[in-house]
Amino acid sequence: MITWNNLDTLASFQDLKEVKTVDLKDVMSGENGAERVKKYSVPMAEGMAYNYAAKKVDDQVLEALAKLAEEAQLAEKFETLYNGAVVNTGENRLVLHHLTRGQLGDTVEADGVDKRAFYVEQQNRIAEFAQKVHAGEITNAAGEKFNTVVQIGIGGSDLGPRAMYLALENWAKKHNTFKMEAKFISNVDPDDAAAVLNSIDVAHSIFVLVSKSGTTLETLTNESFVKDALKNAGLDASKHMIAVTSETSPLAKSDDYLAAFFMDDYIGGRFSSTSAVGGAVLSLAFGPEVFAQFLDGAAEEDKLSLNKDLLKNPEMLDALIGVYERNVLGYPATAVLPYSQALSRFPAHLQQLDMESNGKSVNRFGDPVNYATGPIIFGEPGTNGQHSFYQLLHQGTDIVPLQFVGFRNSQIGTDVVIQDSTSQQKLCANVAAQIVAFACGKDDENRNKNFEGGRPSSIIVGDQLDPKSLGALLAHFENKIMFQGFVWNVNSFDQEGVQLGKVLAKRVLAHETDGALKEYSDLLNI
């Protein structure tokens, strides 16, 4: 029987706190460090690996974490989730984003339909539509091909798909699968929409409006901005727009769109990159075959998350080490540091994915918790980040755990040799150096040049960032965050924290304000 208990009530958590803390600087120095790098690694899908040698763990810590995973019933809770239990207690909903890329367990029926069949149907409809656009069977009014796709959405409708597009743009160009340039409009700031519209030829652009409810204020405002631009160009907006929405939204059967593709309430926005939310824009940009490969990579990583052996489950292991760092070692933040320019927006996506999921102070039943939950997530790609915030990471007063991502080969496959090494070799040399520098530090009598070390990190390493490895990488973090939510006994699948500001903003726009809200409204000349 599944039981949902707070972390601080678990006997295994109390035992974990009693385990001796690892001296990272000591165990990572010399030959000890070399042996750790070989030992503390677990395979991931698509030839990748999660290496945690530079984390403050040893066999004793790992044994305690395995007991915590067992007592917290992490594997069993994941099983109930993918088999269709109402895991999102806050909104009384199923959680089904895994079904967009594969069937992990039983047939899940909801709303009178097989949900896996429903998601596959939408993917097939999107694929057919994208192929017709690419073939010139769906064109603008002048019979000319579309060459640009613009996604209009916010939050999960923007951050994930945008990050995935940027991750695969150069790869697609190199492998001749690049079909259309993609742009994204998200911010209700009119400068955002204007900047995108000024950079494209609207006559040859197709717009994807993404709103599950069909009522998202920022998205509908930007849609009106786009429709005005199309009208001013003498174009029929309904011939340039498609919708990604729910079957019950006002957008579903509207004549304002060329087509509508559907999602449902069982997939949260931040988990929607493998649904129609990411499927439409990525299939149009790169072709549906590339999107299918992306789904395959995610599905393969999901299968690894089923393993009940902690040391063979990279997502569960990453999650438990993160809980140890947050709740025993007391570290408040985690930096995500991809050494791949293609992943430039991946940390921003993970920031929403993690902080919106586990940024909770009450448990699944609405009772306050007495321990820390989700960490602050931030990051930038290396090596740029090294010249930005790494100073604090190396010598600041707070220790920030680090999650590196690196690939042995670039996406473009071409490089230059300068000073006896290629650009890619220089990139990889930097990430290797940073891991050891953070762990081992450097003693110096000049305190300004002294590095204490003992700063933990992990790295996910692979051969090359491509659609399958990107899918696996995304699934790794989605499942890691899910497992951490289970441990903390929070509901990782609602986001009530974003609602209050929306309510107050509507009051401001309706001029129904008083007190400080009125004064700030006047200050901003609303």
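Heavy atoms only: backbone and side chains are in, while hydrogens, waters and symmetry mates are out.
By the 30° and 60° cut-offs, the orientation of the rings of His97 relative to Phe271 is parallel. Relative orientation of the Tyr50 and His476 rings is tilted, given thresholds of 30° and 60° on the angle between their planes. Using cut-offs of 30° and 60° for the angle between ring planes, the Phe477 and Phe346 rings count as perpendicular. Using bins of under 30°, 30° to 60° and over 60° for the plane-to-plane angle, the ring pair Tyr339/Tyr390 lands in the tilted bin.
Comment: Arg93 does not engage Asp494 in a salt bridge, judged by the lack of any side-chain N to carboxylate O separation of less than 4.0 angstrom. Salt-bridge check for Arg345 with Glu169: failed, with every basic side-chain N at 4.0 Å or more from each acidic carboxylate O. Ion pairing between a basic and an acidic side chain is recognised when a charged N comes within 4.0 Å of a carboxylate O; Asp302 and Arg101 show such pairing. The existence of a salt bridge linking Glu121 and Arg125 is excluded, since no basic side-chain nitrogen approaches an acidic carboxylate oxygen closer than 4.0 Å. A salt bridge links Glu300 with Lys303: the distance from a Lys NZ or Arg NE/NH1/NH2 to an Asp or Glu carboxylate oxygen falls below 4.0 Å.
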Next item on the list: Could you walk me through whether Asn313 and Leu74 pass side chain to side chain contact (heavy atoms under 4.5 Å, CB included), step by step?
Entry: CA-CA 11 Å; Asn313 185 326; Leu74 300 190; over 6 Å; no
Note to self: Before you tell me yes or no, could you show the steps for Tyr119 and Asp264 under side chain to side chain donor-acceptor pair (under 3.5 Å), namely the whole-Å CA-CA distance, both residues' side-chain angles and the distance that decides it to 0.1 Å?
What the structure shows: CA-CA 9 Å; Tyr119 298 139; Asp264 56 38; 2.8 Å; yes
Notebook entry, point to check: Between Phe389 and Phe378, does a ring-ring contact (aromatic ring centres under 6.0 Å, His included) hold up when you go through it step by step?
Noted result: CA-CA 10 Å; Phe389 51 80; Phe378 68 96; 5.4 Å; yes
Next item on the list: Check the pair Phe129, Phe261 against ring-ring contact (aromatic ring centres under 6.0 Å, His included), reporting the backbone distance first and the verdict last.
Entry: CA-CA 10 Å; Phe129 181 87; Phe261 305 106; 5.6 Å; yes
Margin query: Is there a side chain to side chain donor-acceptor pair (under 3.5 Å) between Gln403 and Thr334? Walk through the geometry before answering.
Written below: CA-CA 7 Å; Gln403 289 203 301; Thr334 297; over 6 Å; no
Next item on the list: Begin with the C-alpha distance, continue with both residues' side-chain angles, and end with the deciding distance and a verdict on side chain to side chain contact (heavy atoms under 4.5 Å, CB included) for Leu104 and Phe78.
Entry: CA-CA 10 Å; Leu104 290 174; Phe78 184 28; 3.9 Å; yes
Item checked: Residues Leu65, Leu16; criterion side chain to side chain contact (heavy atoms under 4.5 Å, CB included); working and verdict -> CA-CA 7 Å; Leu65 291 177; Leu16 176 65; 3.8 Å; yes
Next item on the list: Decide yes or no on side chain to side chain contact (heavy atoms under 4.5 Å, CB included) for Asp367 and Val362, but give the supporting numbers first.
Entry: CA-CA 5 Å; Asp367 300 320; Val362 298; 5.9 Å; no
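Contact annotation: the side chain of Lys183 approaches that of Thr148 to within less than 4.5 Å [non-hydrogen atoms, C-beta and beyond]. Between Ile152 and Met241, some side-chain heavy-atom pair lies under the 4.5 Å cut-off. Counting heavy atoms from C-beta outward, Ile399 and Lys56 have side chains that approach closer than 4.5 Å. Under the 4.5 Å side-chain criterion, counting only non-hydrogen atoms from C-beta, Ile206 is in contact with Met180. Side chains of Leu251 and Asp256 form no contact here, defined as non-hydrogen atoms less than 4.5 Å apart. At a threshold of 4.5 Å between non-hydrogen side-chain atoms, the residues Phe184 and Tyr165 count as touching. Proximity of Pro467 to Leu168: side-chain heavy atoms (C-beta onward) are separated by under 4.5 Å at one or more points. Annotation: side chain of Phe483 is not in contact with side chain of Asp318 (no heavy-atom distance under 4.5 Å).
Put simply, the side chain of Asn83 gets close to the backbone of Asp106: a donor and an acceptor are under 3.5 Å apart. Listed for the Lys77 side chain is a donor-acceptor partner under 3.5 Å among the backbone atoms of Ala72. Remark: side-chain polar atoms of Asp398 are not paired, donor with acceptor, to backbone N or O of Tyr331 under 3.5 angstrom. Of the possible polar contacts, one joining the Lys360 side chain to the Asn491 backbone as a donor-acceptor pair under 3.5 Å is found.
For Phe291 and Phe286, the ring centers are positioned 6.0 Å apart or more.
Contact detail for Pro375 and Trp488: the closest heavy-atom pair is CD-CH2, 4.1 Å. Between Asp265 and Lys212, the shortest heavy-atom contact is OD1-CD, 3.3 Å. Scanning all heavy atoms of the two residues, the minimum distance from Ala45 to Leu304 falls at N-CD1, 3.4 Å. Across all their heavy atoms, Ser211 and Thr245 have their closest contact at O-OG1, 2.7 Å. Heavy atoms only, all atoms of each residue included: Ser12 and Glu71 are closest at OG-OE1, 2.6 Å. Here the closest heavy-atom approach between residue His240 and residue Ser205 is recorded as ND1-O, 2.9 Å.
Residue Arg270 is tested with Leu353, Leu350, Leu159 for a side chain to side chain contact (heavy atoms under 4.5 Å, CB included); the sole match is Leu353.
Annotation for Gln495: atom CD counts as buried by contact number, over 12 foreign heavy atoms lying within 6.0 Å. Taking a 6.0 Å sphere around OH of Tyr520, one finds it holds 12 or fewer heavy atoms contributed by other residues, nucleotides or ligands. Under a cut-off of 6.0 angstrom, the local environment of NZ in Lys227 is crowded, with over 12 non-hydrogen atoms contributed by other residues, nucleotides or ligands.
Residues Asn489 and Asn5 bring no donor and acceptor atom of their side chains to less than 3.5 Å of each other. In this structure, a donor-acceptor pair under 3.5 Å is absent between the side chains of Trp4 and Asn363.
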